[in-house]
Amino acid sequence: MSLPLWSLLFILESIYCWWVIGYGGAKWIDGWKSFFMIDWFALDWTAEQIRLYVLIIWGFSVIWFIVGVIKPELRFNY
């Protein structure tokens, strides 16, 4: 995967995470929509639990993005 595509995917994921964490996205996702936006295990989560989950996943994504920039062979080829 090329660096521009790698960066674009990370930016899109970051915008989604930013919306969920800081701009009311977790309240909008809360309930049955969490099944589609997160996964099946989030059906009964509150908005705060969704925010925490997305924050943790975003942290791992930042680390993986940096690793992918440094070692291009570890990027996924879709």
If you round to the nearest 0.5 Å, how far is [atom2] of [Y] from [atom1] of [X]?
{"X": "F10", "Y": "I15", "atom1": "CZ", "atom2": "CD1", "result": "10.5 Å"}
{"X": "I21", "Y": "Y53", "atom1": "CD1", "atom2": "OH", "result": "12.0 Å"}
{"X": "L9", "Y": "L5", "atom1": "CG", "atom2": "CG", "result": "4.5 Å"}
{"X": "S61", "Y": "I56", "atom1": "OG", "atom2": "CD1", "result": "12.0 Å"}
{"X": "I29", "Y": "Y16", "atom1": "CD1", "atom2": "OH", "result": "3.5 Å"}

Would you call the rings of F65 and W6 parallel, tilted or perpendicular if under 30° counts as parallel and over 60° as perpendicular?
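Rings of F65 and W6: parallel, as their planes differ by under 30°.
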Does a side-chain heavy-atom distance below 4.5 Å link V20 with W28?
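V20 does not reach W28 side chain to side chain.
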Search all heavy atoms of [X] against all heavy atoms of [Y] and return the closest pair with its distance.
{"X": "L3", "Y": "V69", "answer": "CD1-CG2, 4.0 Å"}
{"X": "M1", "Y": "R75", "answer": "O-NH1, 2.9 Å"}
{"X": "L74", "Y": "W64", "answer": "O-CZ2, 3.4 Å"}
{"X": "A47", "Y": "A26", "answer": "O-CB, 3.4 Å"}

ILVMFWY network linking I57 to L55, side-chain heavy atoms under 4.5 angstrom
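Same hydrophobic cluster.
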If hydrophobic clusters are built by linking Ile, Leu, Val, Met, Phe, Trp and Tyr wherever their side-chain heavy atoms come under 4.5 Å apart, do I11 and W18 end up in the same one?
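The answer is no; the residues belong to distinct hydrophobic clusters.
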